[in-house]
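Have a look at the structure below, then the notes.
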Number of protein chains: 2
Amino acid sequence: METRELRYFVAVAEELHFGRAAERLGIAQPPLSRAIGQLERRLGAQLLERTSRSVSLTDAGSVLLAEARAALDAVAAAERRTRRAAQAPSGRAGLVLGSKAGAANELVAKLLAAYAVEPDAVEVDVLLLGPGQQEQALRDGRADVAILHAPWDDVAGFDTEVLVVEDPAVLVQAGHPLTARDAVDLTELPEAVGVPAPRWPDREGRYAEGPGPEVHDVTQLLQLIALGRTYLVAPVSAATLAGEGVVAVPVTGAPPVTTLLAWPPQSRSVALARFVRVATLR
Amino acid sequence: METRELRYFVAVAEELHFGRAAERLGIAQPPLSRAIGQLERRLGAQLLERTSRSVSLTDAGSVLLAEARAALDAVAAAERRTRRAAQAPSGRAGLVLGSKAGAANELVAKLLAAYAVEPDAVEVDVLLLGPGQQEQALRDGRADVAILHAPWDDVAGFDTEVLVVEDPAVLVQAGHPLTARDAVDLTELPEAVGVPAPRWPDREGRYAEGPGPEVHDVTQLLQLIALGRTYLVAPVSAATLAGEGVVAVPVTGAPPVTTLLAWPPQSRSVALARFVRVATLR
DNA sequence: GCCATCCATACCCGGGCGGTATCGGTCCGG
DNA sequence: CCGGACCGATACCGCCCGGGTATGGATGGC
């Protein structure tokens, strides 16, 4: 299977519509139909159930969709990491650290400072991303190492080292009834706040349907919280970035939030190994 | 990047010889040279240092080799798992369990028996492989779940559940001086045995140079041990399969051997989830 | 019943992949 | 020191395949 075929299949499987998928791929619809047909024939597997009115995935198609996404990420990662390795002079390729925009700022700053004074330290670029985007960046090679928060982020498939374990808190508008309390229990949560959770863009940059406001960065989110339009559950350390009009209330009965460093397991970079060591020694 | 280009590059990077790589790929040498050149131009990266007498990898080339292997494994896995999903009727695709040939036999048997009586149990095929091959099988889709032995097998990138933790032992010829002792310390190890370790085939089925005998399965290995030609370090439970002419001597000072179940993290198969649950509940 | 929609098929064209022939550079043996 | 073996790069050619347009056939809505 060629990556082109996988890209084509993923497009159709996601759109469930040959015409739109073809448009998204920048090709005409007939070659796309033919390519999918050839792929099915060669795999000996029906991937899509199609009538002239609808397209749906078969079981085999669902399997291929998940596997193809992983494979395409791996190919994208290969391309990006090779490009980056080639730019830098021998052995000095920089690192890209993926981090939640705005979250764990202090921790990241200390980490970078501690690493920077190491002998043989390489340049570290920080890639600020929305929630759930760091994992993806790690998988597709945009980042070499990332700050993740278990259990919210999916750590599966990465090597990890725990940095901090803390309790979660809920960030709400100052003056909100909850702020009069010492803590709120997890079981009360969506209702006790009274405002909908924010919606973040998915991997295609689109927003799912729902009641909450659409947000794409943390400053914007904090403003919306300060305006009483939404709320956020975050590690208590996030309280430091809360600022005017936003108050953190501890959440009880919830599993602790683990802030951890994650990186792809096949990585053999000495710079990365050193970075991880510095991070965990502190 | 197309998988064809990745296959070509990996062939050249492994052979470090365009002619041999081309032969292995079943194409002529000139198209291969051209393909690699195009790849380098498009990546903007020199991957190979070549004179007319030798070919070697650049730093960027080393990065691409590691990433390309992972990506090609992912593509191969996509293809195999899709094929398998298509063969079985809806929702009943079987599982493939990778296991070290001969090792953990009892454990595997119990596991399979316990799973088989579950409601909705699907067929489980067992794939017997040489050491270090189960990981590869898991990565390239030949297996869905595997029995691995930490710290010998590389668990990076998989989800795992621990099954058993035990101490290692060394299997030697009956009558060997060591068998008179209660235990042997790890630090004494290669020397105290006096015979070379066996050599297993690598991922291409070839054997590295070295003193030990070439082996490809466990029966053969046990015969060689019984003949006093080699030895093996294994979990103590392996003593049960030792049989005539082979004796297990406990090893001290070594980290315990963990027998665990591993599976690819992106797997969303309900059959696999149930299998893992049965395995860990025992 | 007609039309809009949507996927499949038919057909054509051009780029790119793979082939052979050959060049240019390097190492080695005599 | 020279000729030949070796090896990767280049030149050139033919054909397959991927992409295009046009159109068919099926289905559902008005």
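This one's a predicted model, so the numbers in the text were calculated from it and none came from an experiment. No hydrogens, no waters, no symmetry mates; every other heavy atom, side chains included, goes into these values. Numbers restart at 1 for each chain; the letters A, B, ... are given by sequence-line order, proteins then strands.
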How many whole angstroms separate atom [atom1] of [X] from atom [atom2] of [N]?
| X | N | atom1 | atom2 | result |
| --- | --- | --- | --- | --- |
| A:Glu23 | C:dT5 | CD | P | 14 Å |
| A:Tyr8 | C:dC7 | OH | C1' | 17 Å |
| B:Leu48 | D:dA9 | CG | P | 9 Å |
| B:Arg53 | D:dA5 | CZ | P | 13 Å |
| A:Gln46 | C:dA8 | CD | C1' | 14 Å |
| B:Leu32 | C:dT20 | CG | C1' | 16 Å |
| B:Glu49 | D:dG8 | CD | C1' | 14 Å |
| B:His17 | C:dT26 | NE2 | C1' | 13 Å |

Upstream residue (5' side of DNA chain D) when B:Arg20 and A:Ile27 are each assigned their closest nucleotide: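 Residue closer to the 5' terminus by nearest nucleotide: B:Arg20.
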What nucleotide among [options] has an atom nearest to a side-chain atom of [X]?
| X | options | value |
| --- | --- | --- |
| A:Gln38 | D:dG18, D:dA11, D:dA22 | D:dG18 |
| B:Ser33 | D:dG8, C:dT20, C:dA10 | D:dG8 |
| A:Phe18 | C:dC7, D:dG19, D:dT21 | C:dC7 |

Are any of the side-chain nitrogens in A:Arg84 or B:Glu67 under 4.0 Å away from the carboxylate oxygens of its partner? no
Categorize [X] for me: base, sugar-phosphate, or nothing, with a 4.0 angstrom heavy-atom threshold over every strand shown.
| X | value |
| --- | --- |
| B:Arg34 | base |
| A:Arg50 | sugar-phosphate |
| A:Glu2 | nothing |

Are B:Leu72 and B:Arg7 close enough that some pair of their side-chain heavy atoms sits under 4.5 Å apart?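 Of all side-chain heavy-atom pairs linking B:Arg7 with B:Leu72, at least one is under 4.5 Å.
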Side-chain touch B:Phe18/B:Leu48, heavy atoms, less than 4.5 angstrom: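 Touching, per the 4.5 Å side-chain cut-off.
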Is there a side-chain contact between A:Gln29 and the phosphate of D:dG20, meaning an N or O under 4.0 Å from OP1 or OP2?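 So the side chain of A:Gln29 is outside the cut-off, no N or O lying under 4.0 Å from OP1 or OP2 of D:dG20.
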Where B:Ala60 and A:Ala85 come nearest, the two heavy atoms and their spacing: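 It is CA-CB, 3.9 Å.
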Measuring from atom CD1 of A:Ile36 to atom CZ of A:Arg50, what distance do you get when rounded to the nearest 0.5 angstrom?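 Answer rounded to 0.5 Å: 7.5 Å.
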